Asks: 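Sharing a structure, written as structure tokens. Questions coming.
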Amino acid sequence: MLVVLLPVQAYFCCSRGLMARYVFITGGVVSSLGKGLASAALGSLLQARGFSVRLRKLDPYLNVDPGTMSPFEHGEVFVTDDGAETDLDLGHYERFTGVSARKTDSVSSGRIYSNVLEKERRGAYLGKTIQVIPHVTNEIKDFIGVGDDEVDFMLCEIGGTVGDIEGLPFFEAIRQFAQDKPRGQCIFMHLTLLPYLAASGELKTKPTQHSVKELRSIGLQPDVLVCRSEHPIPDKERAKIALFCNVRPEAVIPAYDLRSIYEAPLAYHRVGLDQAVLDAFGISPAPRPDMTRWEDVMDRLTHAEGEVRVAIVGKYVQLEDAYKSIAEALTHGGMANRVKVKAEWIDAEIFENEDPAPHLERFHAILVPGGFGERGTEGKIRAAQFAREKGVPYLGICLGMQMAVIEAARNLAGVSDAGSEEFDHEAGEKRFTPVVYHLKEWVQGNHRVERKVTDDKGGTMRLGAYSAALKAGSRVAEVYGTTEIEERHRHRYEVDVKYREALEGCGLVFSGMSPDGRLPEIVEHKDHPWFIGVQFHPELKSKPFAPHPLFAGFVKAALAQSRLV
Ligand code: GLN
């Protein structure tokens, strides 16, 4: 067989520099089908074939962004380099494609409406009656098209399921968008569920048929159908779905449960998802994929030796999605060391007033993640103390770093009432010496940012990427292998640099600072096997194929600890 490998540019010579091809991803039947994961996996498969991609999420809820939603409610808030608070699906997108998301990759109905209303007040539509069609749909279409000329494929996922009232303007907008573009520029991919009825031993296709019918009634015909199923889908059923849903049989893609989310690119490739998408665009012959990145990821995941146990001492322990990126970054850290990481979520409140040892002794490492509010913080401080005193590896992230500093201030530097201003603000009374204070003014790039305690709650934190200078010879400089880093932030409060001397005198080194030397970014205990607190969120930048050095280092330290005990 003669295989002619054409360079990718050959397909795009007429369109590159002009516009991207669009894949719109919708869902039906039930939520939580793994639409975000399917989108992310498709992105990685297109990359494996040499194409450039960008992924985008359109969410129908009315919050302007998810920043103000409780992690219990919505899972973690994923922060981008340019400081947007976004949906956790953007985390999946980044972890699968390595493409850094931007502000313009996440939008909600709330943001769209707020833009439209702001324009209306400015008089931008003067004389007109403002309506969902065309004003809201135009605003959505403008958003979808941002950066149209930068990539080969733009993948836009619509949150929620078809039929949701809130989703309608988005479905209408993508219908119009595809209509505005030349034919063949946009395709639609729809995810559904095939439930299995044990009593009759059958997979049922009717919900899928109804969901596609719903989609077609608003003018959207799917080109590719991804069908989640717990059981193998017989060819006969596949043909039936194709016939009733007006989709080609080879574009009915089965999606089975996987051992790990990182198996998704290989699994979707095996069942022909990327091929079906390229076929729908008429890209033929398709460039051959290079799957080595994902083969290596799976090899590391499936050939892990041994296990380390990590305690995550936090507040939002009921919903794992609240710390999604941390869980993933720990897995990546395990992959870097070819060891399985067993993370257990421990509610910090259980040992607020007692010795945490009985709860923490069986772990090889302790991680205290980010969080807001006072509840559970005394437990986190005790966890930091336990880790310091017992020589157990500790990674404190954001609030977890602040707690480690308060612990050292109280128990080593003699500031017995050390605390964070955050807790006093919440309680409305002054009870602590603020070792961690509310930051009201800082520098971002070339400009100064100012905030008041009473400012709006949405989007007013120190958000996004900031650089830090690491102290040469420190543990953290060794971990990173460099002294200049850039990491993502999301917080209002900061460790007060005026305690630096006192704390360093007790062995807590300020080993990473903002470039102007004002804001402590990293602390570490000098005489400890591995104790690091960081003011930022390293978990947001970790990838399965590029584990974050802090997580790789933390798991390595946990492994060393497991050999000791
Ligand atoms: N609540 C703390 C602050 O605002 C920490 C935030 C976080 O952990 N992301 O500074």
Side-chain angles (χ1 to χ4, degrees), residues 65-72 74-81 83-86 88 91 312-317 321-327 329 345 348 366-381 383-384 394-407 409 418-427 432 434-442 444 449 451-466 468 487-497 499 514 518-523 532-541 550:
D65 62 44
T68 54
M69 287 188 225
S70 156
F72 289 122
H74 194 75
E76 109 184 331
V77 173
F78 190 81
V79 181
T80 59
D81 279 332
E85 298 178 272
T86 72
L88 54 78
I312 303 179
V313 181
K315 183 170 68 166
Y316 316 107
V317 290
D321 271 0
Y323 298 120
K324 188 78 199 148
S325 293
I326 289 189
W345 315 82
I366 295 170
L367 189 154
V368 178
F372 292 84
E374 190 175 3
R375 192 156 65 79
T377 50
E378 289 302 323
K380 292 176 193 178
I381 292 168
Y394 178 91
L395 177 58
I397 294 178
C398 208
L399 187 69
M401 175 232 200
Q402 298 173 356
M403 295 305 102
V405 172
I406 291 172
E407 190 279 315
S420 167
E421 254 191 328
E422 177 174 10
F423 313 146
D424 281 348
H425 287 153
E426 196 181 31
F432 295 112
V435 170
V436 179
Y437 69 105
H438 187 268
L439 182 72
K440 299 186 185 65
E441 190 188 302
W442 67 91
Q444 179 165 37
V449 188
R451 301 267 197 260
K452 292 194 289 292
V453 180
T454 49
D455 275 348
D456 283 354
K457 284 285 176 260
T460 53
M461 286 182 261
R462 182 149 89 95
L463 282 168
Y466 285 84
E487 294 281 4
R488 296 182 194 170
H489 290 245
R490 180 175 185 250
H491 56 106
R492 292 194 175 82
Y493 298 84
E494 301 279 345
V495 170
D496 197 331
V497 72
Y499 292 97
S514 60
R518 279 182 58 214
L519 305 175
E521 293 276 1
I522 305 171
V523 295
I532 295 178
V534 294
Q535 186 55 78
F536 44 81
H537 291 274
E539 72 274 20
L540 302 179
K541 285 181 45 169
L550 276 171

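All values derive from a computational prediction rather than experimental measurement. Counting starts at 1 for both ligands and their atoms, following the listed order.
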Asks: For the side chain of Gln402 and the backbone of Val436, is there at least one donor-acceptor N/O pair under 3.5 Å apart?
Replies: no
Asks: Does any N or O of ligand 1 fall below 3.5 Å from an N or O anywhere on Leu399, backbone included?
Replies: yes
Asks: Return the closest protein heavy atom for atom 10 (O) of ligand 1 as residue, atom name and distance.
Replies: Tyr493 N, 2.8 Å
Asks: Do the side chains of Arg492 and Glu422 get close enough for a salt bridge, i.e. N-O under 4.0 angstrom?
Replies: no
Asks: Checking Asp65 side chain against Ala84 main chain: does a donor-acceptor pair fall under 3.5 Å?
Replies: no
Asks: Which residue supplies the protein heavy atom nearest to atom 4 (O) of ligand 1, what is that atom called, and how far is it?
Replies: Arg492 N, 2.9 Å
Asks: Below 4.0 Å, non-hydrogen atoms only: which portion of Glu422 touches ligand 1? Side chain, backbone, both or neither.
Replies: side chain
Asks: Taking heavy atoms and a distance under 4.0 Å, where does Met461 meet ligand 1: side chain, backbone, both or neither?
Replies: neither
Asks: How close does the nearest protein non-hydrogen atom get to atom 9 (N) of ligand 1, and which residue and atom is it?
Replies: Arg490 O, 2.9 Å
Asks: Is Glu521 paired with Arg462 through a side-chain N to carboxylate O contact shorter than 4.0 Å?
Replies: yes
Asks: side-chain contact (heavy atoms from CB on, under 4.5 Å) between Phe372 and Met461: does it pass, once the steps are laid out?
Replies: CA-CA 12 Å; Phe372 292 84; Met461 286 182 261; 3.7 Å; yes
Asks: Among protein heavy atoms, which lies nearest atom 7 (C) of ligand 1, and at what distance?
Replies: Cys398 SG, 3.0 Å
Asks: Look at the rings of Tyr493 and His438 and say which category their plane angle falls in: under 30° parallel, 30 to 60° tilted, over 60° perpendicular.
Replies: perpendicular
Asks: Measuring from the heavy atoms of Gln402, does anything fall under 4.0 Å of ligand 1?
Replies: yes
Asks: Which of the numbered atoms in ligand 1 are under 4.0 angstrom from any heavy atom belonging to His537?
Replies: 9 (N)
Asks: Between the side chain of Ser325 and the main-chain N/O of Leu540, is any donor-acceptor distance below 3.5 Å?
Replies: no
Asks: To check your reading of the model: name the closest protein heavy atom to atom 5 (C) of ligand 1, its residue, and the distance in Å.
Replies: Gly371 O, 3.3 Å
